[in-house]
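Letters go in sequence order (proteins before strands), and every chain restarts at 1. Since the structure is predicted, the reported quantities are computational estimates derived from the model, not experimental observations.
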There are 2 protein chains.
Amino acid sequence: MQRTLSAALAGQESQRTVIEGWIHRRRRLAGVTFLIVRDRSGLAQVVVTDPATREQLDRLGEETVVRVEGRVTANLRAPLGVELTEPMITPLSSPAEPTVLELWRPALEASLPIQLDQGAVAWRHPRQRACWQVAAASLRGFRLSLEAQDFTEIQTPKLVAGSTESGANVFEVDYFGRPAYLAQSPQFYKQMMVGVFERVYETGPVFRAEPHDTVRHLAEYVSLDAELGFITDHRDVLAVLRNVIAGMLDELRRSASAAMALAGVRLPEVPEQFPIVHFREALALVGADPEETDLAPEHERRLGVWARERFGSDFLAVEGYPAAKRPFYTQPEPGDARWTNSFDLLFRGLELVTGGQRLHELGDYERALAARGESMAPYASYLQAFRHGMPPHGGFAIGLARWTARLLEVDNIRRTTLFPRDLHRLAP
Amino acid sequence: MQRTLSAALAGQESQRTVIEGWIHRRRRLAGVTFLIVRDRSGLAQVVVTDPATREQLDRLGEETVVRVEGRVTANLRAPLGVELTEPMITPLSSPAEPTVLELWRPALEASLPIQLDQGAVAWRHPRQRACWQVAAASLRGFRLSLEAQDFTEIQTPKLVAGSTESGANVFEVDYFGRPAYLAQSPQFYKQMMVGVFERVYETGPVFRAEPHDTVRHLAEYVSLDAELGFITDHRDVLAVLRNVIAGMLDELRRSASAAMALAGVRLPEVPEQFPIVHFREALALVGADPEETDLAPEHERRLGVWARERFGSDFLAVEGYPAAKRPFYTQPEPGDARWTNSFDLLFRGLELVTGGQRLHELGDYERALAARGESMAPYASYLQAFRHGMPPHGGFAIGLARWTARLLEVDNIRRTTLFPRDLHRLAP
């Protein structure tokens, strides 16, 4: 008999059918055992009255995988409006060992380190599962939106000869006896590929040897990168970013409403244009020293509150970040090179996206590297693109785990990463 | 004035419009210069008769980025049926340095090492660009097909504490002062996530410290992985794989027909079911020693010819590979543990996909590791999934570059990888 998913049981009343899944919970009462079976679509209730079957169930612990054949019976008090009765149960795995995680509870109560140590099992919790479904739908929305805007997907190497952003915080790899590094971002490659496809995107891992132990840094994370040519300045990049964020939210609404309800997601509205404030004004707004070169987390939080009050927006773009704090490939602001054509997008008072316009003239790269006391040689294969004609271009990068954490309003991006990597954690 | 893509010029006859792109080629005749501009949509012809503009063009080398405003004029001999006349040309980059690659020729004639050294520029060639568009559409088709089959996308760590397949051929990373390794595949993680979502897929880089210098091995490549639970055996996996391959080809037909025409792709037909031959019979068919434990490339080639003649199929699944040659997590063949419930899929006589059914019982893992003289400890966080109930499951992995190389019928997967990595090459 063909398997039915639990979500499809309603509508099959009075038929005999088969479900397969994990024993989520057994509740043994005086004359009946209620069995909850979990499959990828949800939870189904099975009513067990036959004494032999109840005894069989006593020996199968939670998380044992079973096949249950039974009759679909209407019961308005059952979660799906139906339940299975007169069941025959066949184990598909040996009895599972008990887990301390108590997956049947409405929320995982174990501490975060215990959840992370037992990631393979903790993600089975329906609410955890919903968190990742939000991430997966966001990924899909990112790609769909960019494809609709005529972007081409690229896949670029993670093993590189030099560092992208600076010499610090890179992981060194023994590459056939010589040193290589793990790419901190696909920055150079996505720019080079603007020379080929004009508009490109990449979704994939990036690596940061972050010596910090914080709730918002990981040693490896999924970066959603885009880059586009033939722009006027960074505001054209912001316009594409706005469409991408709107597209991610559209896809969440279309395909992940059940997961969002379970995970408690409150979706933001996306304004037609993101409100924009200059870095200089942002400092003034939060009463910071005008000589500051970066926004502190507390500043970002207060700017988030301000944007909500002033514009009714969960999003705020801060443009014009000081050149001193931006990478060498950043385009200066016309007329005042202290500032740059770059931005951060704050989402609910937290930095979510970094982006901007890049240099596109070989001569500008030569000067920018010289000004930082760097030689051209390590960048030779990157600069090749500029030697042979590149249009004005820019782009941005979104950290997937940060995005999901903000949507779920959880405090730690380890909660939105399947198997996080940090200073202390390399397993599971 | 808003930019028009070259592919959209036809239909705008007699209007003045703007195109932007790279100077692909200039041809200076006695009284006229023909300028070919390349943008992401194709090539447009511009007719320059004004002496000052012709002189301006003399100073702008091929690959300089330009904006051209002109009148759209019908000309049946022009590539698009239209051309731009009375142009005003504005450079968007400094004059580009000449490249030895001669991108305007119908095909790149430089040797492969030169093309690879100059990847940032070589990929600009329209035919090269088409090759990657075939890869990008294949990626899209892979995901679309699996989403339609209710698979969930996952993103799993590339920095791992141990090796997946064996101790050999892993890259070691300095991970905050202790050793870590680059994942050879998402194998363990995708299996663990079957315990969560039942059906999962991942697209991302994998790393092999291959000491071989061959046309079909790279140190880093994009792997298209899928894994599914609640199967009977590996043939259920093959059925999903068949749908995935069909979905990739559907997406190529839908969205990449121009690229395929340019790149010279001959699409295969996908039979309703892949023909299947047992490894034992495969050896007999090619007259190999029945004690052989693997198929040599020449064997695969001959099996490909046989499948075409016998079944009219470009695909042939070889099942039952000897246990000695398969990883420890492979499910043995019921009744004869010399063989396994695993397969390779040959495409046009070359191995394209490896897959099979995995062990799902903790006890089987204990025995399999003990038989290979391995301890359980390094696998503790992986085995956790099996300790807590896992369904029968299996999966497969497709190498993106191999797939594209077979479609394009090119000899070397370096030709279908944006920036390949091998024993000798770490740049660009």
Side-chain angles (χ1 to χ4, degrees), chain A residues 3 20 22 39-40 63-65 92-94 96-97 99 118 120-121 123-124 129 133 136 139 152-159 161 171-176 180 189 192 195-198 204-205 219-220 222 230 360-361 363 381 384-385 387-392 418-419 421 423 426-428, chain B residues 3 20 22 40 63-65 92-94 96-97 99 118 120-121 123-124 129 133 136 139 152-159 161 171-176 180 189 192 195-199 204-205 219-220 222 230 360-361 363 381 384-385 387-392 418-419 421 423 426-428:
Chain A
R3 174 192 186 196
E20 294 179 341
W22 286 259
D39 67 16
R40 71 178 185 270
E63 294 307 304
T64 303
V65 184
L92 297 179
S93 73
S94 299
E97 293 179 20
T99 149
Q118 309 205 13
V121 183
W123 281 106
R124 296 182 186 181
R129 205 162 63 170
Q133 282 162 338
L139 257 172
T152 299
E153 178 171 6
I154 55 172
Q155 295 272 342
T156 67
K158 306 308 160 201
L159 283 165
F171 288 112
E172 186 173 322
V173 182
D174 173 3
Y175 192 75
F176 302 114
Y189 292 101
M192 287 151 85
V196 178
F197 296 111
E198 298 183 19
E220 174 179 352
V222 175
F230 299 99
H360 62 276
E361 290 285 4
S381 64
Q384 207 172 59
R387 204 173 288 285
H388 300 294
M390 281 286 284
L418 286 181
F419 297 96
R421 294 290 180 259
L423 199 49
L426 191 54
Chain B
R3 174 193 187 196
E20 295 179 341
W22 286 258
R40 70 178 185 270
E63 294 308 303
T64 303
V65 184
L92 297 178
S93 74
S94 298
E97 293 179 19
T99 149
Q118 311 206 13
V121 182
W123 281 106
R124 296 181 185 181
R129 205 161 67 168
Q133 282 162 338
L139 258 171
T152 298
E153 178 170 6
I154 57 172
Q155 294 272 342
T156 67
K158 305 310 159 201
L159 283 165
F171 288 110
E172 186 173 322
V173 181
D174 174 2
Y175 191 76
F176 301 115
Y189 292 99
M192 288 151 86
V196 178
F197 297 110
E198 299 182 18
R199 309 183 138 217
E220 173 179 354
V222 175
F230 298 99
H360 61 278
E361 291 284 4
S381 64
Q384 209 172 54
R387 204 173 289 288
H388 300 293
M390 280 288 283
L418 287 181
F419 297 97
R421 294 292 180 257
L423 198 49
L426 191 54

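- Closest heavy-atom contact between A/R124 and B/M390: NH2-SD, 3.8 Å.
- Only the side chain of B/E220 comes within contact range of chain A, with at least one heavy atom under 4.5 Å from a heavy atom of that chain.
- Within the 4.5 Å cutoff, the side chain of B/L139 has heavy atoms near those of the A/Q155 side chain.
- Looking only at side-chain heavy atoms (C-beta outward), A/F197 and B/Q133 come within less than 4.5 Å of each other.
- Highest contact tally toward chain A, considering only B/P205, B/A120, B/G363, is held by B/A120 [criterion: heavy-atom pairs under 4.5 Å].
- Between B/Y189 and A/P428 the shortest heavy-atom distance is OH-C, 3.1 Å.
- The aromatic rings of B/F171 and A/Y175 lie parallel to each other, their planes meeting at an angle below 30°, with 60° marking the opposite boundary.
- Contact count versus chain A (heavy atoms, under 4.5 Å) is highest, among B/L418, B/L426, B/T152, for B/L426.
- Most heavy-atom pairs under 4.5 Å with chain A, from the set B/L423, B/V121, B/V173: that is B/L423.
- Here the side chains of B/K158 and A/K158 are not in contact, with every heavy-atom distance at 4.5 Å or above.
- Between the B/R129 side chain and the A/V196 main chain, a donor and an acceptor come within less than 3.5 Å of each other.
- Pairing each heavy atom of A/Q118 with each of B/Q384, the nearest pair is CA-OE1, 3.3 Å.
- Proximity of a side-chain donor or acceptor of A/E361 to a complementary backbone N or O of B/S94 within less than 3.5 Å is detected.
- Looking at B/R421, its side chain does come within 3.5 Å of a backbone N or O of A/L159 through a donor-acceptor pair.
- Classified by interplanar angle (parallel below 30°, tilted 30° to 60°, perpendicular above 60°), the ring pair B/F230/A/W22 is perpendicular.
- Closest approach of A/H388 to B/E97, counting heavy atoms only: ND1-O, 2.8 Å.
- Most heavy-atom pairs under 4.5 Å with chain A, from the set B/G204, B/A385, B/A136: that is B/A385.
- Here the closest non-hydrogen pair linking B/S381 and A/A427 is OG-CB, 4.4 Å.
- Heavy atoms closer than 4.5 Å to chain A are found in the side chain of B/H360, but not in its backbone.
- The closest side-chain heavy-atom distance from B/P391 to A/L92 is not below 4.5 Å.
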